[in-house]
Amino acid sequence: MIAKVIVDIPASNVNKTFDYLIPKTLEASAQPGMRVAVPFGPRKLQGFILSITKDATVSKLKRLQELLDPVPVLTSELLSLGQWLSEETLCFLITAFQAMIPSALKATYKKEFALSQEQHLSSLPSQVMRWFNHRTHIPYDEIVTTEPELLPVFQKLVTAGTLEVIYKMNDKVTKKKIKVVYPNQSVGALQTLLAALPPQALKQKEVLHYVMNEREGVVQSDLLTMFDASRSTVTALEKKGAVVVIDQELYRDPFAGREFKKTTPLTLTAQQEESMRPMVAAVEEERHETFLLHGVTGSGKTEVYLQTIEAVLQKGKEAIVLVPEISLTPQMVLRFKGRFGSRVAVMHSGLSAGEKYDEWRKIQRKEVSVVVGARSAVFAPFENLGLIIIDEEHESSYKQEENPRYHARDVAIHRGLMNHCPVILGSATPSLETYARAQKGVYTLCELLERVNSRELPAVEIVDMREELRNGNRSMFSEDLFAKLQDRLQKGEQSVLFLNRRGYSSFILCRDCGYVGECPHCDISLTYHKKHHTLRCHYCGYAEEMPTNCPSCESSYIRFFGTGTQKVEEELAKLLPEARVIRMDVDTTSRKGSHEKLLSQFGEGKADILLGTQMIAKGLDFPKVTLVGVLAADTMLHLPDFRASEKTFQLLTQVSGRAGRHELEGEVVIQSYTVGHYSIELASKHDYHTFYKEEMAVRQSHRYPPYYYLTLLSFSHPDVLKVVDASEKCAGYLRERLSERTLILGPVVSPIARIKDRYRYQVMIKYKNEPALSRIIQELLQHFQPLMDKEGLHISVDMNAQQMM
DNA sequence: AGCACGCCGACT
DNA sequence: GTCGGCGTGCTC
């Protein structure tokens, strides 16, 4: 039998299957979707079996070396989904498959030198022999980093046959194994065996006496500490056939030992009930349908999800819930764990690679029926999928900005289609694309326009900060906001202050000459890092000491413009010294679990003001919060992005929704320098529908999505002339082949003109109907392949660009 | 990706 | 005359 294998190299010339002979011994167990180790040239690589056939396309076959999984890691559905994904996003097959499995299953490769058979150390030159002191294998990398001039010597010894090169392949993360001791015979038989033990075998007696009643097994290390015994005691018992020791895979449960308060379904409002009915119907009928659940903040979308999932579980099926990374908070997880207990797996970036793997294994082994996770959880290997939910559907984090450049929403809908199951997109501020589709009837629109507690949405006041400045207020708090903060402080109520991080990033600036610290390799300003007192580049990792004097004019008035939040915190301390402030930003939440800790402190009333960035905009739900302040609403409005208005509207709406969710009434103050702007104006009125109409008109007149599709080609090269030349040629190539109604813009320089010493240009394609676009771009890539290989030109394609960078 | 094979300049 | 530069093409 022949296995068609796709190997672990993302390159166009190996983006196809290779045939391998399946050894007789593995024939029974080899299955499509398994990872395998295969010889590839002189190396040993990981690969995936795509299919198994009788005959091969080539004659000289190698045999596959090893099966790396007892059961396939890719289900047959995922195998075909990968195919689809690679066509849809124009990525290599291997890249699509790698995105579907936990990174712990990725292979790492190592090259080593070892002495050949029948060779003796003494035949080595002394400077090489030194390396073989106390070991038989010398890692290639070690020589490269410490004594690269010795490499040719090693190489020569290889050609001479004295040394050989060994290619090693390992899993990235070793599965945590634990030894468990089980009784190996009936209690009666063991009783006899126990009696027959020699009298001096005290430890064995004790241990066996204990183990024989533990049919569930005992962890060996526990057993040994319990009786102060050693490994040999257990081995002796094993030899006598009394017990058996089994290596068992151990789950690292990040929620181990945590109690989840069981919650029961809440009574639904009439609106919730009405929205849910068609969703449950689709679940019952196992029919694909995409729903847009448009519910204002606090309208109880989550409860609708939970009860729809309940219907899925009733049917014995499984559900995927996608949540944006940033709102995958413990609060959120608790709601799901509280309702479905141990039937839930949770996948988010806060988990270690090992923990992620363990959660994934729970899905694979059918130990859970619900997964709550960020973007990549859309690939959960369920085989009986009954529902996919995407919460906060509009969030940009659902788009992966590296290969494969997929949007989780598209993948979800495709999986829904394949599995005959409904997909629910939920949001208070749906993306224009989604809402437009709902309007057209492509998706079923369900609206929840009332909050569950019938509370009014909070009153929102917009403050013109230019006015404040004219009146001599140079602080970052308007008089109004400041007065309200004081008021809450007096009443013992809580406030949330929101600062948009962008535009406030922590660059350094010379106040004399205007010098801004920039990365020498990337056209981007350096970010100040407090912990190392260095300036670092976000893109390439370049770091330098924080200068004491301006590198350009020697002035000592060089200072960094603090992390925004830090600065606000300082000012708060000056103006409201009695206020207890909790600051949440990348600096204070980088440690594991600190995010959670800070929030629970705030929830317990240990602070009066929560000050933070994006990360506090979502999902927070604290009864005592009655004031929300947005310090600068328009910092992201001026970004070079046609979605800037939409993003501003979404953010302001989300933030406003944090106030007055319970008994106490809430109030919101938005400070802005662009008060007339419709996105700010309409967010303050909680008026999504008018915003939708206005923004749609703008999109139509500028020919942007959802009226046009948008594909972005990016080019990069160390030589600016080369990249301009290449991108012009590509634009020309496209102009010749695409229809006249399609717009091809550029090439223009990218918003970030240079990263890691490579100059960047881009070409934007706006189109309504271009059925052959994928094929044409594929041909373009083929056509320019020689240029990419020879000159080191990089071309990246984003078939559904969300960001212009 | 990594490696071997292959064709043109400065060296024992 | 050879060692070695990296351009080209292949890996089942």
Side-chain angles (χ1 to χ4, degrees), chain A residues 1-24 26-27 30 32 34-68 86 91-99 103 106-114 116 125 138-145 148-161 163-172 402-404 717-719 722 781-796:
Chain A
M1 294 294 261
I2 307 299
K4 301 224 172 255
V5 173
I6 191 101
V7 294
D8 199 10
I9 300 170
S12 58
N13 44 356
V14 291
N15 190 31
K16 54 172 184 168
T17 59
F18 287 80
D19 294 353
Y20 288 90
L21 203 64
I22 305 174
K24 275 275 173 296
L26 301 179
E27 237 172 45
M34 283 180 177
R35 293 174 308 142
V36 289
V38 292
F40 196 70
R43 296 181 290 166
K44 179 182 174 184
L45 291 183
Q46 192 182 86
F48 292 93
I49 304 184
L50 288 204
S51 59
I52 293 176
T53 57
K54 271 208 141 63
D55 28 30
T57 42
V58 268
S59 51
K60 39 158 194 147
L61 289 187
K62 288 188 186 172
R63 352 170 76 218
L64 63 83
Q65 263 171 355
E66 183 181 358
L67 298 177
L68 299 174
S86 78
C91 71
F92 303 123
L93 267 168
I94 189 68
T95 313
F97 292 134
Q98 296 286 22
S103 66
K106 259 188 90 171
T108 54
Y109 300 96
K110 226 165 98 187
K111 190 175 160 184
E112 289 177 342
F113 291 110
S116 301
I138 312 299
Y140 179 90
D141 284 346
E142 230 177 281
I143 302 170
V144 172
T145 46
E149 63 280 3
L150 210 60
L151 260 180
V153 186
F154 273 86
Q155 233 105 53
K156 239 171 254 164
L157 289 163
V158 172
T159 16
L163 291 179
E164 61 181 341
V165 180
I166 292 170
Y167 296 90
K168 277 202 173 164
M169 192 193 93
N170 284 309
D171 272 4
K172 203 171 175 189
E402 62 201 48
N403 285 334
H717 194 276
D719 181 345
K722 290 244 166 74
L781 290 176
Q782 239 162 53
H783 186 258
F784 288 91
Q785 191 69 47
L787 213 62
M788 294 162 71
D789 292 345
K790 258 203 336 231
E791 305 265 14
L793 173 74
H794 287 184
I795 304 180
S796 98

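Within every chain, numbering begins at 1; the chains are lettered A, B, ... in the order of the sequence lines, protein sequences first and strands thereafter.
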Here the distance between atom P of B/dG2 and atom CG of A/Asp8, to the nearest Å, is 10 Å
Could you give the start and end, 5' to 3', of the contact zone on DNA chain C for chain A, using atoms under 4.0 Å from its heavy atoms?
-> C/dT8 to C/dC12
Nearest-angstrom distance from the residue atom NZ of A/Lys110 to C1' of B/dG2 = 18 Å
Can you tell me how far C1' of B/dA1 sits from NE2 of A/His794, to the nearest Å?
-> 13 Å
Which is true for A/Lys60 with a 4.0 Å heavy-atom rule: it touches a base, it touches only sugar-phosphate, or it touches nothing?
-> sugar-phosphate
Would you indicate what A/Tyr167 reaches in the nucleic acid, counting non-hydrogen atoms under 4.0 angstrom: base, sugar-phosphate, or nothing?
-> sugar-phosphate
Any chance you could lay out the side-chain hydrogen bond (donor to acceptor under 3.5 Å, both in side chains) test for A/Asn170 and A/Tyr109, step after step, and finish with the verdict?
-> CA-CA 6 Å; A/Asn170 284 309; A/Tyr109 300 96; over 6 Å; no
In short, ring pair (Phe, Tyr, Trp, His ring centres under 6.0 Å) pairs touching residues 36-57 of chain A with sequence neighbours left out are A/Phe18-A/Phe40, A/Phe48-A/Phe97
With a 4.0 Å cut-off on heavy atoms, is A/Ile9 in touch with a base, just the backbone sugar-phosphate, or nothing at all?
-> base
How close or far is atom P of B/dA1 from atom NZ of A/Lys111, stated in whole angstroms?
-> 16 Å
Grab the N/O contacts between the protein and nucleotides 8-12 of chain B below 3.5 Å, and write none if there aren't any.
none

Could you state the CG-P distance from A/Asn403 to B/dA1, rounded to the nearest angstrom?
-> 12 Å
Between the main-chain N or O of A/Tyr167 and the side-chain N or O of A/Tyr140, is there a donor-acceptor pair closer than 3.5 Å?
-> no
Within this structure, what is the CG-to-C1' distance between A/Leu45 and B/dA1, rounded to whole angstrom?
-> 8 Å
Has A/Tyr109 got a side-chain N or O lying under 4.0 Å from the OP1 or OP2 atom of B/dG2?
-> no
